[in-house]
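FYI, side chains are in, hydrogens and waters are out, and symmetry mates aren't considered; it's all heavy atoms of this structure.
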Amino acid sequence: MNKEEMGKEAYQAFYLENYRHSLSHVLAKAVIELFGKENVQYAIGPQIDDGFYYDFLLPRPIVKEDYAAIENKMREILKRKENWTRKEVSKAEALEIFRGQKFKTELIEDLPEDETISTYTTGDDFIDLCRGPHIENSQELLGAAFEIKSVSGSYWRGDEHRDQLQRVYVYAFPNKDELKAHKAMMREAMERDHKKLGKEMELFMFDETAPGMPYWLPRGFKLFNALLAFWRQEHEKHGYQEISAPQIQKRELWLTSGHWDHYRDGMFVLPAKKVAEDGSVSFEVDDQDTYCVKPMNCPNAILVYKSKLHSYKELPIRYSETDVIHRREKSGELNGLFRVQMFRQDDDHTFLTEDMIEDEISDIMDIAKTIYGTFGLEYVAELSTRPEDYMGDIEVWNQAEASLKRILDKKYGEGGYEINEGDGAFYGPKIDLKMRDCIGREWQMGTIQLDFQLPLNFDLKYMAADGTQKRPVMIHRAIFGSMERFIGILIENFKGRFPFWLAPVQVGIVPIKPEHNEYAKQLEKKLREAGIRVEADYADKNMNDKIKTLRTYRDPYILVVGDKEMETGTLAVNIAGNKKAYGVPVETFIAACERMNKTYQLELEETFA
RNA sequence: GCUUCCGUAGCACAGUCGGUAGUGCACUUCACUCGUAAUGAAGGGGUCGCCGGUUCGAAUCCGGCCGGGAGCUCCA
C-alpha cells in the first residue's frame with residue numbers, strides 16, 4: 001500500500017508503527033551485541049504509544065549507566081545501513097533457526113501448523129521472528145529520535161508465575177522535535193503529580209504506620225466535603241437515600257456474602273482472642289468471634305433492606321453509602337491516592353425488579369453524564385462479561401449480559417462502547433466508565449455492576465403485585481469509583497487549580513498592614529456568611545510572604561486590602577495567582593462567588609462587571 | 001508478591017576514600033510596616049527509616065525488615 005491509497009493520517013500512523021517496530025529490532029540486536037548472543041534470551045518487542053519496548057532475559061540487570069552504551073550501539077547499527085530481508089519459513093525451519101531461544105521457540109510452537117511464519121534478518125547476524133512489516137534498510141531510521149526511557153521487570157506473557165524479564169522502554173519518534181515535545185509532556189505530567197501537589201497544598205498525607213491509608217488534612221478535607229456535598233445533592237434528585245453502617249462485622253456475614261471465599265486475601269481480618277487455662281493469650285481465626293473489616297458496603301445495604309418486608313411499589317430502593325472501607329493490597333501496588341488500602345466509595349446498592357433494570361441503568365448513566373460533565377471529563381463505557389470463577393446460573397448471566405448490551409447499544413450506539421470479555425465480577429457482569437484527563441491519560445472511575453448472586457445468598461424478597469414473594473435484583477454502582485482516587489485524578493487534571501466551587505479555600509485575604517486587619521475581618525465575615533470558604537492572614541509580616549503562601553495553596557482569589565480598599569470599599573483581586581482586577585465592589589465580588597458555587601461552573605470568573 | 005531505584009531537619013537537597021552532619025526554603029526572635037512569588041540580622045531544630053553484621057570507628061560497606069517511586073501482575 002502507498003501513501004495515496006491510505007490517506008495521510010493512516011500513512012503517518014503506519015509509518016510511525018513501522019519505525020518503532022523496526023527500532024525495537026535494532027534494540028534487540030544492540031543488546032545481543034553488547035551482552036553476547038549466548039547470554040541473551042530475547043522475547044517480544046512491540047511498539048507502544050510513545051515508542052516501543054523489548055523484553056529480555058539477561059545475566060545481569062540493565063542499569064542507568066548502560067543506557068548510553070545501548071543507545072550508541074543502536075546508532076552504530078543504524079549507520080551500518082544494513083538491509084532487512086523478510087523470509088517465509090516452515091514451522092520446523094523456524095524452530096531450527098531459533099534453537100536455544102526459549103521464548104521464540106514457545107511462540108513458534110503455539111502457532112498453528114499451517115501458519116506462514118516470517119522472519120526478518122537485519123544485516124547478516126541478527127534474525128527475529130516477526131510478522132512485519134518493516135523498513136527495507138536501516139538507513140531509513142537514521143533520522144529517527146529515540147531515547148531509553150526506563151527498564152523494569154515484566155513477566156513473560158504477563159504471568160507472574162513465569163520468567164521475569166527485563167523490559168527496556170524506549171521513547172521513539174520520527175524526529176527530534178517530536179521526542180522533545182513528548183518529553184516536555186512527561187515533565188508536565190510530573191508537575192501535576194498529585195502526591196507532589198497534595199503535599200504542597202496540604203491536602204493529604206500518609207504515615208508509615210498506615211500504608212496506603214490517607215490522612216485528609218484540613219484543606220484536603222474541605223475539598224473532600226465540597227465534592228461529597230455536590231454528589232449528595234445530585235443523588236438526592238434521583239431518589240437515593242444515604243445510610244451508614246458498621247465498620248467491622250463477624251465473619252459469618254462475609255461467609256454468607258461469599259466474600260470470605262472469593263475475596264479473603266483482600267480483607268483485613270481481626271482474629272479472636274483466646275485465653276488458655278494457663279492464662280496464655282493467643283489470637284485465632286475461628287467461626288464465632290472473628291471479625292472482618294469491611295472491604296465493601298454491599299452486605300450492610302442488604303441487611304438494611306432485609307430489616308423489613310418491601311412491596312414492589314417501593315422499588316427501586318437505593319441505599320447509598322460513603323463509609324470508609326479497607327482492602328488489603330499487595331505491597332507494590334500502592335500509589336498515592338490512586339491505589340490505597342483505605343478509601344470511600346461513592347457507593348450505592350439498588351434493589352429492583354428485572355424489568356426495572358434498563359430504566360435504572362439509564363438513569364445511572366444520566367447521573368454519570370451530569371457529574372463527569374461538571375468536571376469537563378470525557379468518558380467511555382466498557383462492558384465486562386462473565387469471568388471464569390463466576391458464581392450462579394449461567395442462564396442468568398447470559399440474560400444479564402444481553403440486557404446490559406441492549407442498554408449500551410441504546411445509549412452509545414452499537415460499537416460505541418468497549419467489551420472486555422471475562423472481566424466481570426464473580427457475582428455479575430459490569431459496566432465500567434473510563435475517563436480521559438486533560439493530558440490524555442485514561443482512568444477507570446465509575447462502575448455499574450449487576451448482581452444476581454447476593455440476593456440469592458441473603459434470600460432477599462419483595463412482595464409482588466400478585467401477592468407472591470419474589471426475589472429482587474441488585475445493582476452496585478459508583479460514579480467517582482473511590483473518592484480518594486477521584487480526587488487524585490482531579491488534582492492532576494486541574495493541576496491543583498480547582499474550579500471555584502471545589503477549591504479547598506476559595507478566597508484568601510491579605511491585609512497589607514496591621515491597621516488593615518479590622519477591615520479584613522469584616523470582609524472575611526461577609527464572605528463566610530455568603531457561604532464562601534475564606535481564610536485571612538493577620539500575621540504581622542511582609543505582604544509578599546502572605547501572598548506567596550496563599551499562592552502555594554492555590555486559593556482561586558487572593559484579596560489584597562490596604563488603604564485604597566478601605567477608603568473606596570472595593571477590592572484588589574488576584575485571580576488564580578496571576579491576573580489582577582482592581583476596584584471591584586465587594587458586593588459584585590461576592591455575587592460572582594455565590595454564582596460559581598451555585599452553578600458549579602468550571603471557569604473562574606475574571607471580570608467583575 | 002516480583003524486578004529495579006530510593007529513604008539525611010517540616011519541605012527540597014548536598015555530604016569525596018568509612019573519622020559521629022551541611023545548604024536553601026519553612027519555623028522562632030528582633031528590626032523593617034511594606035501594593036501582588038523570596039527585607040535584613042540572629043536563633044532553634046537531625047539516634048542520617050529500623051534492626052543486626054563487618055570495622056578501632058558506619059549516614060557511608062554487607063544482610064534482613066519497614067516505608068516510598070517506576071514498571072509487571074492485580075484493582076476502585
Starting at atom NE2 of A:His326, determine the distance to atom C1' of B:C75, rounded to an integer number of angstrom. 17 Å
May I ask you to say what A:Phe486 touches in the nucleic acid, namely base, sugar-phosphate or nothing, with a heavy-atom cut-off under 4.0 Å? nothing
Using Watson-Crick or G-U wobble pairs with both distances under 3.5 Å, give me RNA chain B in dot-bracket, 5' to 3', with [ ] for crossers and | for pairs to another strand. (((((((..((((.....[..)))).(((((.......))))).....(((((..]....))))))))))))....
Would one find a side-chain N or O of A:Tyr169 under 4.0 angstrom from OP1 or OP2 of B:C72? yes
Minimum-distance nucleotide to A:Asn542 side chain [options: B:U73, B:U39, B:A76]: B:U39
Sub-6.0 Å ring centroid separation between A:Tyr379 and A:Tyr372: yes
Quick one: which of B:U36, B:A76, B:C74 gets closest to the side chain of A:Tyr582? B:U36
Could one point to a donor on the side chain of A:Tyr155 or the base of B:G1 with an acceptor on the other under 3.5 Å away? yes
Rounded to the nearest angstrom, tell me the gap between atom CG in A:Asp432 and atom P in B:C75. 11 Å
Is it the case that the side chains of A:Ser152 and A:Ser150 hold a donor-acceptor pair, with the cut-off being a distance below 3.5 Å and no angle test? no
Determine yes or no for a side-chain-to-main-chain donor-acceptor pair under 3.5 angstrom, with A:Arg20 supplying the side chain and A:Tyr171 the backbone. no
Between A:Met543 and A:Gln444, whichever has its closest RNA chain B nucleotide further toward 5' is A:Met543
Let's test your reading of the model: under 3.5 Å, does the base of B:G10 pair with the side chain of A:Glu202 as donor and acceptor? no
NA contact type, A:Gly562, heavy-atom cut-off 4.0 Å: base, sugar-phosphate, or nothing? base
Which of these nucleotides, B:C11, B:G1, B:G71, is closest to any side-chain atom of A:Lys199? B:C11
Could you check whether A:Phe375 and A:Phe486 have their ring centres less than 6.0 Å apart? yes
Base of B:U36 paired with side chain of A:Asn574 (donor-acceptor, under 3.5 Å): yes
Give the C-alpha distance, both sets of side-chain angles, the deciding distance and a yes or no for ring-ring contact (aromatic ring centres under 6.0 Å, His included) between A:Phe338 and A:Trp443. CA-CA 10 Å; A:Phe338 289 159; A:Trp443 303 97; 4.4 Å; yes
Under 4.0 angstrom, heavy atoms only, what part of the nucleic acid is A:Ser150 near: base, sugar-phosphate, or nothing? nothing
Among B:U36, B:G1, B:C72, which nucleotide sits nearest the side chain of A:Glu160? B:G1
Under 4.0 angstrom, heavy atoms only, what part of the nucleic acid is A:Lys430 near: base, sugar-phosphate, or nothing? sugar-phosphate
Could you work out the separation of B:G22 and B:U60 based on their C1' atoms and round it to a whole Å? 15 Å
For A:Leu334, which contact category applies under a 4.0 Å heavy-atom criterion: base, sugar-phosphate, or nothing? sugar-phosphate
A:Asp55 backbone acceptor or donor facing A:Gln166 side chain under 3.5 Å: no
With the side chain of A:Lys580 defined as its heavy atoms from C-beta on, choose the nearest nucleotide among B:G68, B:U36, B:C5. B:U36
Would you classify A:Ser482 as touching base, sugar-phosphate or nothing, given that sugar-phosphate means primed atoms plus P, OP1 and OP2, and contacts are heavy atoms under 4.0 Å? base
Separation of the P atoms in B:C17 and B:G43, to the nearest angstrom: 33 Å
If you check every side-chain atom of A:Asn335, which of B:A76, B:G69, B:U36 has the closest atom? B:G69
If you measure from the P atom in B:C5 to the same atom in B:A41, how many Å do you get, rounded? 43 Å
When all nucleic acid strands are considered with a 4.0 Å heavy-atom cut-off, which category describes A:Arg167: base, sugar-phosphate, or nothing? sugar-phosphate
So what does A:Met445 hit on the nucleic acid, given a heavy-atom distance under 4.0 Å: a base, only sugar-phosphate, or nothing? sugar-phosphate
Kindly say whether A:Val31 contributes a backbone atom to a donor-acceptor pair with the side chain of A:Lys73 at under 3.5 angstrom? no
Between B:G49 and B:C6, how far apart are the two P atoms, rounded to whole Å? 13 Å
If only atom types and distance count, is the side chain of A:Arg192 paired as donor or acceptor with the main-chain N or O of A:Gly496 below 3.5 Å? no
Touch class at under 4.0 angstrom, heavy-atom based, for A:Gly508 against every strand present: nothing
Look at all strands and tell whether A:Glu329 reaches a base, only sugar-phosphate, or nothing, counting heavy atoms closer than 4.0 Å. base
Spacing of A:Asp159 atom CG relative to B:C74 atom C1', expressed in whole Å: 13 Å
Taking atom P of B:U4 as reference, at what distance in whole Å does atom CG of A:Asp66 sit? 13 Å
In whole Å, what is the span from the NE2 atom of A:His349 to the C1' atom of B:A76? 12 Å
Checking the side chain of A:Arg477 only, and the main-chain atoms of A:Ile448 only, is there a donor and an acceptor separated by less than 3.5 Å? no
Taking atom C1' in both B:G24 and B:G45, what distance in whole Å separates the two? 15 Å
Nearest-nucleotide pick for A:Lys548, side chain only, options being B:U73, B:G35, B:A26: B:A26
From B:C72, B:C66, B:C75, pick the nucleotide closest to the side chain of A:Arg339? B:C75
Identified salt bridge (charged side-chain N to carboxylate O under 4.0 Å, His left out) counterpart of A:Glu321 within the set A:Arg344, A:Arg232, A:Lys294: A:Lys294
For the side chain of A:Arg485 and the base of B:C75, is some donor closer than 3.5 Å to an acceptor across the two? yes
For A:Gly336, report the nucleic acid contact type (base, sugar-phosphate, nothing); a contact means any heavy atom under 4.0 Å. sugar-phosphate
Between B:A14 and B:A9 - C1' atom distance, rounded Å: 14 Å
Rounding to a whole Å, what distance do you find between A:Gln341:CD and B:C75:P? 16 Å
Compare the minimum distances between each of B:U36, B:U33, B:C72 and the side chain of A:Asp540, then state the nucleotide with the smallest one. B:U33
Mark this stacking check for A:Phe343 against B:A76 as yes or no, applying ring centres under 5.5 Å and ring planes under 30°. yes
A:Pro514 vs A:Gly481, nearer the 5' end of RNA chain B by closest nucleotide: A:Pro514
Say you pick atom P in B:A42 and the same atom in B:A26; how far apart are they, in whole Å? 16 Å
Would you measure the distance from the C1' atom in B:C51 across to the matching atom in B:A58 and give it in whole Å? 15 Å
Donor-acceptor pair, A:Thr588 side chain versus A:Val584 backbone, under 3.5 Å? no
Nearest-Å distance for atom pair CG/P, residues A:Leu550 and B:A38: 15 Å
Nucleotide B:U33, atom P - distance to NZ of A:Lys541 in whole Å: 18 Å
With respect to the side chain of A:Asp545, which nucleotide from B:A76, B:U39, B:G68 is positioned closest? B:U39
Close aromatic pair by centroid cut-off 6.0 Å: A:Tyr427 and A:His476: yes
Mind checking A:Val340 for me? I need base, sugar-phosphate or nothing, with any heavy atom below 4.0 Å counting as a touch. base
